[in-house]
Protein chains: 2
Amino acid sequence: MSKFIYGRPYQVTTKGPQFTPCAPHSVLTRLGDKWTILVMSHLAIAPGFRLRFSELKRGIEGITQRMLTLTVRNLERDGLVVRHYYPEVPPRVEYELSTMGASMLPALEGFTSWISNNWQQIEENRRNFDAGD
Amino acid sequence: MSKFIYGRPYQVTTKGPQFTPCAPHSVLTRLGDKWTILVMSHLAIAPGFRLRFSELKRGIEGITQRMLTLTVRNLERDGLVVRHYYPEVPPRVEYELSTMGASMLPALEGFTSWISNNWQQIEENRRNFDAGD
DNA sequence: CAGGATCCCAACTGATACTG
DNA sequence: CAGTATCAGTTGGGATCCTG
């Protein structure tokens with residue numbers, strides 16, 4: 001019999017509670033990588049949820065061409081972003097949040113606002129811990 | 001002047017929108033690592049939000065002693081988990097969600113439920129993409 | 001029991017150069 | 001402009017052994 005806790009399904013077994021193969025993990029792993037959240041955030045505030053490659057690159061301080069390519073490619077692979085290719089010269093490519101990608105934003109909001117309210121505390125905790133408790 | 005979008009502060013500059021040094025990132029990175037969500041989830045359903053080291057280890061399939069130690073140590077460092085040490089023989093150590101750690105759970109819920117509703121689609125998108133669009 | 005210490009490999013990330 | 005290719009450095013994670 002399957003139960004739910006905070007959005008996560010799990011089963012009560014004789015060995016104790018077992019979470020089903022970590023579905024959220026693969027998503028959180030993507031969001032947790034170095035640039036994904038920044039790309040999503042920029043698309044979220046862009047007109048039409050849409051920006052071209054060079055606009056994203058300019059908007060994100062420090063990202064290299066290679067890492068931006070990898071990041072948007074992974075988002076496209078997940079279906080969170082749609083890639084629009086215009087074979088002009090020079091070529092133009094635009095990235096747009098998909099319907100699913102846009103639907104993630106409100107869901108993400110509660111969590112990111114919790115982070116906004118708590119990250120200073122977390123940073124302070126880390127400093128204290130590193131200073132030797 | 002600072003604006004907010006989906007819980008994230010950003011500034012409108014002449015170079016376009018700039019997100020302030022990615023505060024959510026360090027938190028998402030922690031949550032996105034391999035074992036953290038599983039540890040948090042097990043504590044979330046434990047009586048008193050509290051489990052001992054060996055209980056966590058038994059509950060999480062495949063985790064090694066080393067990785068569990070690193071994971072709970074990082075959570076302790078962030079202040080999301082409190083470590084209770086009982087110098088008995090043999091020693092007993094219990095990990096408990098802190099107030100802040102517990103306060104994260106409802107915030108996380110909206111996001112994890114979005115993931116629950118969408119991860120099959122994401123997995124399918126990945127398969128299709130990998131099969132050559 | 002709950003770890004610390006080592007060693008090792010794989011994956012992620014960055015820098016640079018090249019191209020349709 | 002928007003990539004791809006290559007190489008190198010760093011980090012994350014696992015396996016194994018040892019200890020208060």
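Chain letters run A, B, ... following the sequence lines, proteins first, then strands; residues in each count from 1. These values consider heavy atoms only, across backbone and side chains, with no hydrogens, waters or symmetry-generated copies.
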message = Please tell me if B:Arg73 has a side-chain N or O lying less than 4.0 Å from either OP1 or OP2 of C:dG4.
response = yes
key: Distance below 4.0 Å between B:Tyr95 side-chain N/O and C:dG3 OP1 or OP2   = yes
query = Which whole-number value in Å describes the distance from B:Arg92 CZ to D:dG20 C1'?
reply = 17 Å
task = Output yes when a side-chain donor or acceptor of B:Ser113 lies under 3.5 Å from a complementary backbone atom of B:Gly110, and no otherwise.
result = yes
ask   = Start at the 5' end of DNA chain D and walk down; is the nucleotide closest to B:Ile63 or to A:Tyr85 reached first?
value = A:Tyr85
query = Does C:dT16 have OP1 or OP2 sitting under 4.0 Å from an N or O in the side chain of A:Arg66?
reply = no
query = If every non-hydrogen atom of A:Leu105 is compared with every non-hydrogen atom of A:Ala44, which pair is closest and at what distance?
reply = CD1-CB, 3.7 Å
request  = Grab the NE2-P distance between A:His84 and D:dG3 for me, whole Å please.
outcome  = 13 Å
inquiry  = Tell me the interatomic distance from B:Gln65, atom CD, to D:dC18, atom P, rounded to whole angstroms.
reply    = 14 Å
ask   = Below 4.0 angstrom from OP1 or OP2 of C:dG14, is there any side-chain N or O of A:Lys34?
value = yes
Under 4.0 angstrom between A:Arg58 side-chain N/O and D:dA2 OP1 or OP2 = no
task = Give a yes/no on whether any side-chain N or O of B:Thr69 is located under 4.0 angstrom from OP1 or OP2 of C:dG4.
result = no
message = Whole angstroms only, please: what is the CD-C1' distance between B:Glu55 and C:dG3?
response = 17 Å
query = A:Ile60 has an atom CD1; how far is it from atom P of D:dA2, in whole Å?
reply = 13 Å
B:Glu94 and B:Arg50 ion-paired at < 4.0 Å = yes
request  = Report the distance from atom CG of A:Leu70 to atom C1' of D:dT4, rounded to the nearest whole Å.
outcome  = 10 Å
ask   = Using a distance-only test with no angle check, is there a side-chain donor-acceptor pair under 3.5 angstrom linking A:Asn74 and A:Thr71?
value = no
task = Using modelled atom types only, decide if a donor and an acceptor are shared between the side chain of B:Asn118 and the backbone of B:Gln121 within a distance under 3.5 Å.
result = no
key: Rounded interatomic separation in angstrom, taking CE from B:Met67 and P from C:dC7   = 19 Å
